[in-house]
Structures are given as structure tokens and as C-alpha cells.
Amino acid sequence: PKIERAEEDTVAYTVEDGIAWVKFNRPEKRNCMSPKLNRQMGKVVADLEFRDDVKVLVLTGEGDAWSAGMDLKEYFRETEAEGLGAIRKAQREAYSWWERLRWYEKPTIAMINGWCFGGGYGPLFSCDIAIAAEDAQFGLSEINWGILPGGGASKVAADLMPLRKALYHAMMGENLTGKQAEAQGLVTEAVPAARLHARVLEIAQALAKKDGHALRATKWAVRRVAEMTYDNAEDYLIRTQEALHNFGGVEARKEATRQFLDEKSFKPGLGTFDT
Ligand code: ACO
């Protein structure tokens, strides 16, 4: 039976113990991204960003897929039939939520449970940490249907993978397993599918215990310095550390130092201080 999904139902989420579990929710279409889904993701991601009960966001997919990329029917064919205005609008709706996630206030984890194609590399890159099932499948399938990996996908491959691997991956249209994606730098780690949820939960819980302001500054710093000269990076990092002082950074550091030097209740080399 054909499912006509309302816009609100293209994304599902729950918030539990500080972790927002956000799902691409079009399993019947392998979670490909339609304009409706992109608009709803934009709303959900924005609504969760400043909630006090959300410390970490996990992005995963319902069913067999993480996301089968852009919706070839609703995102490409139907918008192209409406003309350039519709094309640009659909692009903005997609790129804007990926961008928001790329510079999200909270740490983010992609939990790749299955298929991840083309346009899916945008949100994949947006997430700070990516944990895949070993048998997930990653593909820049664009070449298989006569286009190039756009929507940032070529940039994601070039930034994350060694150049020789990125070129082969983009030109051949062959899929990588989660394990291969790990070896080539596309994801942080691959684990057996049966352990995927437990491993992501473990990372999310560890992140949730850390100082949120320091985490935000850290993830933004690593992304920013990737494009800077050494001198610019050094300067940027001094300014950013000093800017943390606006968010209680002086007190946090004093307290952490006290717990280590005076109270001897933790060692920074072995764990997190008690915030
Ligand atoms: N766009 C539109 N519809 C899609 C997409 C997509 N990207 N992916 C899956 N679907 C639809 C199918 O058309 C099908 O719809 P139907 O039930 O109305 O016929 C439904 O989802 C299920 O898909 P199947 O192909 O039947 O699922 P299967 O499990 O056999 O295969 C697979 C999964 C391999 C992911 C396959 O669907 C596929 O190749 N999808 C396209 C992947 C892709 O190349 N995406 C585009 C990347 S390029 C870009 O994003 C710019």
C-alpha cells in the first residue's frame, strides 16, 4: 500500500536522559530527502537546539536505511518541473538544516544504520561523530545516474577521505561497507549492527557529562581551524578560549583544577571533572 506521509511525519524523535534521538522517518522510501522532510528536519533540529533537556543529538534512520540521498522524484523531478525558483527553494531547505547541524550548539552523532547515499553525505558530515553498522552501505551513486556528487557530497569526500580514495569513490559509484568507510575516514568507527545502539548510547552519555560550553567551543574550533593557517588557528584558539569566559569558563576551569590538585577527586587524563 502507498503511504502518503504528512510533513510532520517525515521525521520522528524522542528525548530521553539528555539525548535527542532524531530519525529520518520515510522507511518506505529508504529515508530519501524530499522537500517535506527537509522542512521538517529544519524545524525539529531548530526546536531541539536550545532545549535544556537536550545535551546530545543523535541522527539515525527508521528501517533499513540511514538516508538514500535526495528524493529523485520530489526533490529533483518535481521541483525541476516547476522551474528555477522551486529548485533554489528546495536546495535552501536542504542545505540550511545541514548547515545548522554543522554548526550546532550541542554535540551530534550520526548513527548510520543502513544505506547512506549522495545527498546523505551532507548531514553525515554535519554530525561531529559518525558511528556506522559494519554492514551499512555508503555510496556516491551520482555517477551511476549521470550527475556529479553535488550538494556538498564531493567536498565531504575530499575533506574526509584520502584523495585517491575520494576520487575512486566518486568516479566508480561502488559502495563501501561501514568497515571500509571507517578505514577510509568517512566515519569515526564501525561496529557490528547488533552493537550500534549501545555504542552510540555510550558515546552520547559520555558527551552529556562534559562541560557543554567547552564542548561547543571545541567542536567549532576543530571545524574552523581545518581551513586556517597555523598562525590564524593559534590566534583563533586564544580568542575562543577567552570567549569561553563569557560562559563561566573561568569558574569551570578553577573548579576542575581544584578537584584535581586539591581534592584529588579526578585526573583529567583519565576522566571528566564533576560539573
Ligand atoms: N529517491 C526517490 N525514491 C527513492 C530513493 C531516492 N533516492 N531511494 C529509494 N526510493 C524509493 C524507491 O523508488 C521505492 O519506491 P516505491 O516503493 O514507490 O517503488 C522505495 O523507495 C523503496 O526502494 P527500493 O529500491 O525498492 O528498495 P531496496 O531496498 O530494494 O533498495 C536502495 C534500496 C539500494 C537504497 C535503492 O532504493 C536505491 O538505489 N536508491 C537510490 C539511492 C541513490 O542513488 N540515491 C541518490 C543519491 S544522489 C543524490 O542524493 C544527489
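Side-chain contact between T60 and L196 is absent, with no heavy atoms from C-beta onward closer than 4.5 Å. E28 is listed as a side-chain neighbour of R5, based on a closest heavy-atom distance under 4.5 Å. Residues N246 and H213 fail the side-chain proximity criterion, which asks for heavy atoms closer than 4.5 Å. Between Q137 and W66, every side-chain heavy-atom pair lies at or beyond the 4.5 Å cut-off. Counting only heavy atoms from C-beta outward, the side chains of D274 and S265 never approach each other to under 4.5 Å. Considering only heavy atoms from C-beta on, T177 stays 4.5 Å or farther from E134 through its side chain. Under the 4.5 Å side-chain criterion, counting only non-hydrogen atoms from C-beta, T10 is not in contact with M41. Within the 4.5 Å cutoff, the side chain of L186 has heavy atoms near those of the Y121 side chain.
Of all the heavy atoms in A157 and A166, the pair that sits closest is O-CB, 3.6 Å. Scanning all heavy atoms of the two residues, the minimum distance from K209 to T272 falls at O-CG2, 3.9 Å. Closest of all the heavy-atom pairs between L148 and E142 is O-CG, 3.5 Å. Nearest heavy-atom pair across A214 and L244 is N-CD2, 4.0 Å. Pairing each heavy atom of A94 with each of N38, the nearest pair is CB-ND2, 3.5 Å. Considering every non-hydrogen atom in both A153 and G118, the closest pair reads CB-O, 3.8 Å.
Hydrophobic clustering keeps M70 apart from I143 (ILVMFWY residues linked when any side-chain heavy atoms are closer than 4.5 Å, directly or through intermediates). At a threshold of 4.5 Å between side-chain heavy atoms, the hydrophobic network of Ile, Leu, Val, Met, Phe, Trp and Tyr places Y95 and V11 in one connected group. One hydrophobic cluster, built from ILVMFWY side chains closer than 4.5 Å, holds both F266 and L261. When hydrophobic clusters are built by joining Ile, Leu, Val, Met, Phe, Trp and Tyr residues whose side-chain heavy atoms come closer than 4.5 Å, directly or via intermediates, Y104 is not grouped with L207. Hydrophobic clustering (ILVMFWY, side-chain heavy atoms < 4.5 Å, transitive): L37 and I112 are in one cluster.
Heavy atoms of other residues, nucleotides or ligands lying less than 6.0 angstrom from CG of D235 number more than 12. For R253, the CZ atom sits in a loose shell: 12 or fewer heavy atoms of surrounding residues, nucleotides or ligands are nearer than 6.0 Å.
Atom NZ of K55 sits about 11.5 Å away from atom CD1 of I19, to the nearest 0.5 Å. The line from CE of M171 to CG of L140 is 12.5 Å long, rounded to the nearest 0.5 Å. Once rounded to the nearest 0.5 Å, the distance linking CD of E255 with CG of D262 reads 9.5 Å. Note that the CD atom of Q40 and the CZ atom of R26 stand 12.5 Å from one another [nearest 0.5 Å]. We find the CG-CZ distance between L270 and F260 to be 9.0 Å, quoted to the nearest 0.5 Å. The distance from the CG atom of N175 to the CG atom of N144 is 8.0 Å, given to the nearest 0.5 Å.
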Let me see the working for E78 and K73 under salt bridge (Lys or Arg N to Asp or Glu O under 4.0 Å), right down to the final yes or no. CA-CA 6 Å; E78 291 177 2; K73 178 170 172 277; 3.1 Å; yes

Could you check R239 against E242 for salt bridge (Lys or Arg N to Asp or Glu O under 4.0 Å), going step by step and ending with a plain yes or no? CA-CA 5 Å; R239 310 290 145 224; E242 287 171 1; 3.7 Å; yes

Run the salt bridge (Lys or Arg N to Asp or Glu O under 4.0 Å) test on K179 and E182 for me, step by step, so that the C-alpha distance in whole Å, both residues' side-chain angles and the decisive distance to 0.1 Å come before the verdict. CA-CA 5 Å; K179 248 182 131 73; E182 176 191 31; 5.8 Å; no

For the pair E189 and R195, evaluate salt bridge (Lys or Arg N to Asp or Glu O under 4.0 Å) and give the outcome as yes or no after the intermediate values. CA-CA 12 Å; E189 194 178 310; R195 280 202 51 229; 5.8 Å; no

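Side-chain N or O atoms of S154 include one that pairs as donor or acceptor with a backbone N or O of P149 at under 3.5 Å. Without hydrogens or angle criteria, T108 side chain to D128 main chain gives a donor-acceptor distance under 3.5 Å. In this structure a side-chain-to-backbone donor-acceptor pair under 3.5 Å is missing from R77 to E74. Looking only at distances, a side-chain donor or acceptor of S126 sits under 3.5 Å from a matching main-chain atom of W98. Side chain of Q241 to backbone of I238: no donor-acceptor contact under 3.5 angstrom is found. In this structure, the side chain of N113 engages the main chain of A65 through a donor-acceptor pair within 3.5 Å. In this structure, the side chain of K219 engages the main chain of K106 through a donor-acceptor pair within 3.5 Å. Between the side chain of D64 and the backbone N or O of G114, no donor-acceptor pair lies under 3.5 Å. A donor-acceptor pair is defined here as one N or O able to donate and one able to accept, closer than 3.5 Å; no such pair exists between the side chain of E105 and the backbone of F50.
The aromatic rings of F76 and W145 lie perpendicular to each other, with more than 60° between the two planes, well past the 30° mark. Relative orientation of the W115 and F117 rings is parallel, given thresholds of 30° and 60° on the angle between their planes.
W97 pairs with exactly one of M33, R102, R92 by the side chain to side chain contact (heavy atoms under 4.5 Å, CB included) rule, that one being M33. Among the candidates E7, E8, E93, the single residue satisfying the salt bridge (Lys or Arg N to Asp or Glu O under 4.0 Å) test with K43 is E7.
Both the sub-6.0 Å distance and the 45° axial angle are satisfied by R216 relative to the ring of F247. Taking the ring axis of F273 as reference, the NZ or CZ atom of R258 does not stay both within 45° of it and closer than 6.0 Å to the ring centre.
Remark: R199 engages E202 in a salt bridge, criterion side-chain N to carboxylate O under 4.0 Å.
With hydrogens and angles left out, the side-chain atoms of T229 and N232 include a donor and acceptor closer than 3.5 Å.
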